Amino acid sequence: MPEGHTIHRLAAHHHAVLGGAQVVATSPQGRFTAGAARLTGATLAATEAYGKHLLHHYQGGPGGGILHVHLGLYGTVADGPGQPPAPVGQIRLRLVGGPAATADGSPAGGPPATAGVAARQHWLDLRGPAACELLTEAEADALRDRLGADPLRDDADPDTAGGRIRRSARPLGALLLDQTIVAGVGLVYATEVLFRAGIAPTTPGRRLTADQWQRIWADLVTLMRIGVRRGRIDTVRDEHLPEAMGRAPRNDRHGGEVYVYRRAGQPCLCCGATVAAGVLAARNTYWCPTCQPG
DNA sequence: CAGATATGACAAC
DNA sequence: TTGTCCTATCTGG
């Protein structure tokens with residue numbers, strides 16, 4: 001699940017269901033005991049996504065702080081109304097009071113709960129994360145400073161990212177995954193955006209023109225915004241969708257329609273050539289030898 | 001039911 | 001480059 005679109009989606013959702021409310025935090029596995037104690041009684045003031053990093057800003061209570069979560073390869077966050085299921089996650093946040101969520105699911109702002117406001121019950125479980133820790137403001141600044149341009153953030157600086165890419169001899173398939181250059185792009189988006197650009201993942205960054213980078217960046221912004229909306233990665237143009245081509249829709253756990261990601265050995269949706277697979281910088285990569293000439 | 005694998009990242013060679 | 005983290009899911013026997 002977790003490329004940048006997933007994290008941005010979670011940040012917005014968590015603000016909608018827990019924003020402005022006091023929380024009770026527990027550490028069922030005992031790996032976040034001190035952090036949970038500092039969060040309990042604090043109020044979730046804001047949520048933020050930067051690349052694949054999720055930040056919860058807590059104020060008040062016994063100290064508050066910035067909860068930093070990175071899901072890594074297989075971390076998940078689940079949440080829901082009412083009583084939580086059996087405590088198994090690394091961290092659990094339980095809403096104990098706050099303004100009622102708006103009907104359309106938009107962020108519930110306003111002050112914390114006051115007497116007479118019906119308390120919501122909402123739980124959140126974090127399981128299998130690569131990182132779950134409390135940061136200071138300075139540490140959060142340092143985290144943002146070491147991340148590159150996030151196509152889903154308004155403050156992104158694609159020119160700096162493009163400059164670094166176009167001065168590098170490393171292959172584009174690795175450069176797009178370098179979170180200090182571009183933040184939030186993972187294997188699926190990197191693989192697919194290069195297919196859509198008609199550029200092989202082995203191409204050195206310095207062979208990319210400024211115009212090509214501009215188009216790749218714009219495509220990432222477009223694709224990842226769709227990903228946030230739909231909660232899945234779709235990169236296939238209308239004319240190559242299953243309905244348009246009379247083929248069966250993709251039906252694996254990812255769900256999205258893609259051109260080459262994990263389609264090794266299958267025919268390219270554009271030209272029919274066999275999709276190739278390889279390993280680049282310790283990550284799987286896929287491409288069409290015809291549509292993406294090296 | 002054991003083993004492989006996964007949209008990730010980092011430390012240690 | 002390889003190993004490790006650590007969870008869920010899918011595969012083959």
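This is a predicted model, so every value here is computed, not measured. In the text below, chain A, chain B and the rest are named by the order of the sequence lines, each starting its count at 1.
- Using cut-offs of 30° and 60° on the angle between ring planes, the pair A:His56 and A:His14 is perpendicular.
- Rounded to whole Å, the separation between the P atoms of C:dA8 and B:dC10 comes to 23 Å.
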Result block: side-chain N/O donor-acceptor pairs under 3.5 angstrom for residues 236-243 of chain A, not counting sequence neighbours:
{"from": "A:Arg237", "atom 1": "NH2", "to": "A:Arg196", "atom 2": "O", "distance (Å)": "3.3"}
{"from": "A:His240", "atom 1": "ND1", "to": "A:Tyr259", "atom 2": "OH", "distance (Å)": "2.8"}

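- Of the possible donor and acceptor atoms, one in the side chain of A:Thr40 sits under 3.5 Å from a partner among the backbone N and O of A:Ala25.
- Straight-line distance from the CD atom of A:Gln179 to the P atom of B:dA9: 4 Å, rounded to whole Å.
- Put simply, the side chain of A:Ser168 never gets that close to the backbone of A:Arg164: no donor and acceptor are under 3.5 Å apart.
- For the pair A:Leu280 CG and C:dT1 P, the computed distance is 10 Å after rounding to whole Å.
- The stretch residues 148-155 of chain A does not touch DNA chain B, since none of its heavy atoms comes less than 4.0 Å from the strand.
- A:Ala130 comes within 4.0 angstrom of no nucleic acid atom, judged by non-hydrogen atoms across all strands.
- At distances below 3.5 Å, not a single donor-acceptor pair connects side-chain atoms of A:Asp157 with backbone N or O atoms of A:Ala149.
- Per the geometry, NZ belonging to A:Lys52 stands 15 Å off P belonging to B:dA6, to the nearest Å.
- Here the P atom of nucleotide C:dT9 and the CZ atom of A:Arg127 are 9 Å apart, to the nearest Å.
- Comparing B:dA6, C:dT7, B:dA9 by their closest approach to the side chain of A:Arg262 singles out B:dA6.
- Taking atom CG on A:Leu177 and atom P on B:dA6, their separation rounds to 14 Å, with Å as the unit.
- At least one side-chain heavy atom of A:Cys288 sits less than 4.5 Å from a side-chain heavy atom of A:Cys271.
- An OP1 or OP2 oxygen of B:dA9 is reached within less than 4.0 angstrom by no side-chain nitrogen or oxygen of A:Arg146.
- When distances are taken from the side chain of A:Leu73 to each of C:dT7, B:dA6, B:dA9, the shortest belongs to B:dA6.
- Looking at A:Leu143 and A:Tyr50, their side chains never come closer than 4.5 Å, going by heavy atoms from C-beta outward.
- One can place CD of A:Glu3 at 9 Å from P of B:dA9, the figure rounded to the nearest angstrom.
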